[in-house]
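Just below is one structure, and these are the notes that go with it.
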Amino acid sequence: MIRQFIYDQVIEALEHLGYTHDKEIIIEIPNNKEFGDFSTNAAMILGKENKIAPKILAEQLIKEFKKIKAFKKVEIAGPGFINFVIAPAQYFELLWQINKADMEFAQSDYGKNEKVMLEFVSANPTGPLNIVSARAAAFGDTLYRVMKWLGYDPLREFYINDAGNQVDILAESVELRLREIHGEKLEEFPFEAYHGEYVRHLAQKLNSQEGIRIFMMPEKERMEHLKDYALNEIHLMQENSLEKFGVSFDSWVSEKTLRMEGVVEEVLSYLAEADCTYEKEDAIWFCSTKFGDDKDRVLMKSDGSITYFVPDLAYHLTKLQRGFTKLIDVFGPDHHGYVPRLKAAFKALKYDDSMLEIIFLQQVNLFESGERIKMSKRAGKIVTMDDLLSVVSKDSARYFFIARKANAHLNFDLELALKKNSENPVYYCQYAHARICSILKKAKKDKVLPKTWNKELITKLTKTEELALIKKMTELPELLIGIAEQREPYRLTVFVEELAGMFHRYYTKYQIVNDKHKELSQARLLLINNIKNVLAISFELMGISAPEKM
RNA sequence: GCGCCAGUAGCUCAGUAGGAUAGAGCAACAGCCUUCUAAGCUGUGGGUCAGGGGUUCGAAUCCCUUCUGGCGUGCCA
């Protein structure tokens, strides 16, 4: 809010003085408080192109800024920085705006209704969701919420790979477990099959529903039946896990359905028409190296079946056909070799590959008592999302999952997530919210809390901590834009921790409600009420609760 | 081998428009509740920003290079 204002003033002053500003200047918050509330490097950056010494340019600009009431003090410092101190009256005005915006603060039409496709989780329908999926769910959903808040038109989509090899193996695994139930002795459970307990449960459930009847079906029909059954059950299981996590998808797209609609043939013909395919060793290849990939890729295997890539490419093309102008995929850490071929296909088909944006989430390591918990997919020993949620609350889990940059490994400390003190940032932040609620409640009971807020009250706020709190809140609108554009939800957790910390310190230092100073009390109540709102909005965007009592 | 990602305090991490003296939290130690929630606050110590070169008024941040770790490198999905 303020940053943009200062930026505009600088540009205006430059133009008024007849200087050019071809190079980008910055308005920043100095990390040393002695340098004021904001500072700009404009004079240093633009000195050269205007053939003037930075310090002289700075002096001239400062002369212009002296006329502006919003600035209490403007100074030159160091090699040509211009430091601004914002007038309290300006902060009061901003607080009043925040107050008026209420629970809609920082909402905007910034995104101009751009249709953005957010594809995330998209886990294989062959087992329960694991913790990397949980990370993806928290990440994608938070990004969705922020984009929505900023006036984009985002859609959350889950792509189900319910066709191909792995699904056959799933059906076979269920069949083996069924045979086990009926007393057949298995030599050894095949290495490639799915070993998880859930396969047994699926078999048991199916057995109790249909019993021996299954084995009376012809082989082919039976496998189809097992496939449909298992896929449907697992889909429901996954949807249920996500729901417990507070994540719902706007759309689920099935690979099988896509295939039935004939998109595979379409894509193959598009690529052939573009002259990008050839035959070698009984297989059909895509010459992706021509478009930046490091090797050519098989489209149709020598046995006549199709590779995963073809329907997936078709799927991405449907996103474009549906009018999305930005396709964001959130992938696990093991897929990055896959991107060049997707991008290559976009280029081959003359689509703008910059519309396709892929975010990689790095792996999640679970720690307990300082020990890393080992996970093994093969042995069915994965820690599932449900396992995690049975131990850790939804709030804690979501917070921890978004609290790191996407491309950094995430160490999830189970003990820490369970702690209920300041070591655990979730509680630290939620506690600030609960504390404020408690104060407001007491103020209401004591009849200090006014029915409606009065703008004049704000002028009672003169402490540096109070102005600093207002300043911090005004950062939210710009922060959210940064989060949406850089796809970096973690920055929201940094903001919330800072704001909560500032409040806790303020609370300890000053008494908010004091019978002897009614107006001051009311002004402070107005301030903390807005802090509460800003915290609640941030929590809402992260998908975690804003408790009124703890 | 090649490709992608990462390396900041003992630990987990900020430092996102290239800015001024690199910051938090935890852990360690010393304190604060007759007063609105102590799930909180205050203070102390702690750094070769992995190493080296370069770009420039100025680099943790950009470029090159070396080292270390993770992942990828299927006619798997």
Side-chain angles (χ1 to χ4, degrees), chain A residues 3 24-28 30-32 34-35 39-41 44-45 47-48 54 77-81 83 124 126 161 163-167 169 192 255 280-285 294-295 297-303 305-309 312 332-340 360 362-363 365 367 370 403-411 413 416 419-428 430-432 434-443 446 448 479 482-483 485-486 488 490-491 493-494 497-498 500-501 503-514 521 524-525 528 549-550:
Chain A
R3 200 191 288 256
E24 270 302 296
I25 60 160
I26 62 162
I27 311 293
E28 59 160 8
N31 43 30
N32 187 334
E34 286 168 32
F35 299 140
S39 80
T40 180
N41 61 354
M44 287 180 291
I45 292 285
K48 204 176 253 177
F81 288 101
N83 296 335
N124 287 332
T126 53
N161 299 127
N165 234 336
Q166 52 177 356
V167 185
I169 297 173
E192 323 74 45
E255 178 184 350
K280 193 179 88 181
E281 294 161 4
D282 297 328
I284 298 177
W285 296 68
D294 49 9
K295 61 208 279 191
R297 306 293 171 173
V298 170
L299 299 170
M300 189 182 282
K301 301 181 233 173
S302 48
D303 68 1
S305 67
I306 222 91
T307 60
Y308 169 81
F309 173 58
D312 193 44
D334 49 349
H335 280 69
H336 61 238
Y338 184 68
V339 178
F360 290 100
Q362 289 301 317
Q363 67 190 63
N365 299 319
F367 282 83
R404 295 281 174 270
K405 285 181 205 176
N407 57 14
H409 288 210
L410 192 152
N411 294 323
D413 185 334
L416 178 59
K419 280 192 179 158
K420 298 193 170 183
N421 59 29
S422 58
E423 284 176 54
N424 185 340
V426 192
Y427 283 89
Y428 182 80
Q430 289 182 323
Y431 184 49
R435 247 183 172 172
I436 295 173
C437 289
S438 170
I439 299 167
L440 290 169
K441 211 167 131 190
K442 186 173 185 302
D446 296 349
V448 187
L479 176 73
I483 289 170
E485 286 185 338
Q486 307 297 314
E488 291 184 329
Y490 83 92
R491 290 166 67 183
T493 64
V494 176
E497 283 172 44
E498 283 169 355
F503 166 73
H504 283 310
R505 288 186 284 275
Y506 173 64
Y507 166 89
T508 309
K509 191 165 171 187
Y510 300 102
Q511 193 175 16
I512 291 169
V513 179
N514 183 329
S521 299
R524 288 179 169 171
L525 286 168
I528 65 165
K549 236 184 355 193
M550 284 173 80

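Every chain is numbered from 1, with letters handed out A, B, ... down the list of sequences. Everything numeric here is computed off the predicted structure, so don't read it as measured data.
For B:C49, the glycosidic angle deviates from 0 by more than 90°, giving an anti base.
The listed nucleotides are B:A6, B:G72, B:A77; the one nearest the side chain of A:Tyr308 is B:A77. Of the candidates B:A17, B:C41, B:A77, the closest approach to any side-chain atom of A:Ile26 belongs to B:A17. Here the nucleotide nearest the side chain of A:Tyr507, chosen from B:U37, B:C41, B:A77, is B:U37. Closest approach to the A:Lys48 side chain among B:C75, B:G40, B:C57 is made by B:C57 (side chain taken as heavy atoms from C-beta onward). For A:Ala283, the listed nucleotide lying nearest its side chain is B:C75; candidates were B:G72, B:C75, B:C36. For A:Gln166, the listed nucleotide lying nearest its side chain is B:A77; candidates were B:C13, B:A77, B:C71. Closest approach to the A:Lys405 side chain among B:G15, B:A39, B:C36 is made by B:G15 (side chain taken as heavy atoms from C-beta onward). Side chain of A:Met44, nearest nucleotide from B:A14, B:G19, B:C75: B:G19. The side chain of A:Asn411 has B:U12 as its nearest neighbour among B:G19, B:U12, B:A20. Comparing B:G15, B:G19, B:U37 by their nearest atom to the side chain of A:Ser438 picks out B:U37.
Within 4.0 Å (heavy atoms only), A:Glu281 reaches at least one base atom of the nucleic acid. Within 4.0 Å (heavy atoms only), A:Ala77 reaches at least one base atom of the nucleic acid. A:Ala434 comes within 4.0 angstrom of a base, heavy atoms only. Across all strands shown, A:Val494 has heavy atoms under 4.0 Å from sugar-phosphate atoms exclusively, and none from any base. Counting any heavy atom pair closer than 4.0 Å across all strands shown, A:Glu497 reaches no nucleic acid atom. Using a 4.0 Å heavy-atom criterion, one finds that A:Phe309 contacts no nucleic acid atom at all. At a threshold of 4.0 angstrom between heavy atoms, the contacts of A:Asn41 include nucleobase atoms, whether or not backbone atoms are also involved. Here A:His336 lies in heavy-atom contact (under 4.0 Å) with a base. Nucleic acid contact class of A:Asn31 (heavy atoms, under 4.0 Å, all strands): sugar-phosphate only. Note on A:Ser39: a base of the nucleic acid sits closer than 4.0 angstrom, heavy atoms only. A:Gln363 comes within 4.0 angstrom of sugar-phosphate atoms only, judged by non-hydrogen atoms across all strands, and of no base.
Between A:Gln362 and A:Arg404, every side-chain heavy-atom pair lies at or beyond the 4.5 Å cut-off. Using a 4.5 Å heavy-atom threshold, the side chains of A:Ser39 and A:Glu28 count as touching. By the 4.5 Å heavy-atom criterion applied to side chains, A:His335 and A:Val339 are not counted as neighbours. A:Thr493 is not listed as a side-chain neighbour of A:Val426, based on a closest heavy-atom distance of 4.5 Å or more. Side-chain contact between A:Ser302 and A:Glu281 is absent, with no heavy atoms from C-beta onward closer than 4.5 Å. In this structure the side chain of A:Tyr507 never reaches within 4.5 angstrom of the side chain of A:Ile528, judged on heavy atoms.
More than 12 heavy-atom neighbours from other residues, nucleotides or ligands sit within 6.0 angstrom of NZ on A:Lys301.
Nucleotide B:G23 forms a Watson-Crick or G-U wobble pair with B:C13, both donor-acceptor distances falling under 3.5 Å. Look at B:G1: its Watson-Crick or wobble partner, with both distances under 3.5 angstrom, is B:U73. Partner assigned to B:C41 is B:G31, using Watson-Crick or G-U wobble distances below 3.5 angstrom. Nucleotide B:G7 forms a pair with B:C67, judged by Watson-Crick or G-U wobble geometry with both contacts under 3.5 Å.
Look at the C1' atom in both B:G58 and B:C13: the space between them is 26 Å, to the nearest Å. Spacing between B:C26 and B:A39 at atom C1', rounded to whole Å, works out to 15 Å. Look at the P atom in both B:A14 and B:A6: the space between them is 11 Å, to the nearest Å. Atom name C1', nucleotides B:G7 and B:U12: the rounded distance is 14 Å, in whole Å. Separation of the P atoms belonging to B:A59 and B:G52 is 15 Å when rounded to the nearest angstrom. Nucleotides B:U8 and B:C75 place their C1' atoms 45 Å apart, quoted to the nearest Å. With both ends at atom C1', the span from B:U21 to B:G47 equals 14 Å, rounded to whole Å. The gap from the P atom of B:U66 to that of B:A22 amounts to 30 Å, rounded to the nearest Å.
Distance NE2 (A:His504) to C1' (B:C36): 14 Å, rounded to an integer number of Å. Look at CD1 on A:Ile25: it is 14 Å from P on B:G18, rounded to the nearest Å. Computed from coordinates, the A:Tyr510 OH to B:C41 C1' distance equals 14 Å when rounded to whole Å. In this structure, A:His335 places its NE2 atom 15 Å from P of B:C71, rounding to the nearest Å. Rounded to whole angstrom, the span from the CZ atom of A:Arg505 across to the P atom of B:A38 amounts to 16 Å. Between the OH atom of A:Tyr427 and the P atom of B:C41 there is a distance of 17 Å, rounded to whole Å. The interatomic distance linking A:Met550 (CE) with B:A38 (P) rounds to 13 Å, in whole Å. In this structure, NZ of A:Lys442 is placed 6 Å from C1' of B:C36, rounded to the nearest angstrom.
Of the possible donor and acceptor atoms, one in the side chain of A:Thr307 sits under 3.5 Å from a partner among the backbone N and O of A:Val298.
The aromatic ring of A:Tyr431 is not stacked on the base of B:G40, since the criterion of ring centres less than 5.5 Å apart with planes inclined by under 30° is not met. Stacking is found between A:Phe35 and the pyrimidine-like six-membered ring of the B:A20 base under the 5.5 Å centre-distance and 30° plane-angle cut-offs.
Taking 3.5 Å as the limit, the base of B:C75 and the side chain of A:Ser302 contain a donor-acceptor pair of atoms between them. You won't find any donor-acceptor pair under 3.5 Å spanning the side chain of A:Asn32 and the base of B:A22, going by distance alone.
With the nearest nucleotide of RNA chain B identified for both A:Arg297 and A:Asn514, A:Asn514 has the one nearer the 5' end. Sequence order on RNA chain B of the closest nucleotides to A:Cys437 and A:Ile45 puts A:Ile45 first from the 5' end.
For the OP1/OP2 pair of B:G74 and a distance below 4.0 Å, the side-chain nitrogens and oxygens of A:Lys295 include at least one atom meeting the criterion. Between A:Tyr428 and the phosphate of B:C41, there is a side-chain N or O to OP1/OP2 separation shorter than 4.0 Å. Between A:Lys301 and the phosphate of B:A77, there is a side-chain N or O to OP1/OP2 separation shorter than 4.0 Å. In this model, the phosphate group of B:A6 is not approached by any side-chain N or O of A:Arg404 to a distance below 4.0 Å at OP1 or OP2.
Across all their heavy atoms, A:His504 and A:Tyr431 have their closest contact at CE1-CD2, 3.4 Å.
Judged purely by distance below 3.5 Å, without hydrogens or angles, the side chains of A:Asn161 and A:Gln166 never pair a donor atom with an acceptor atom.
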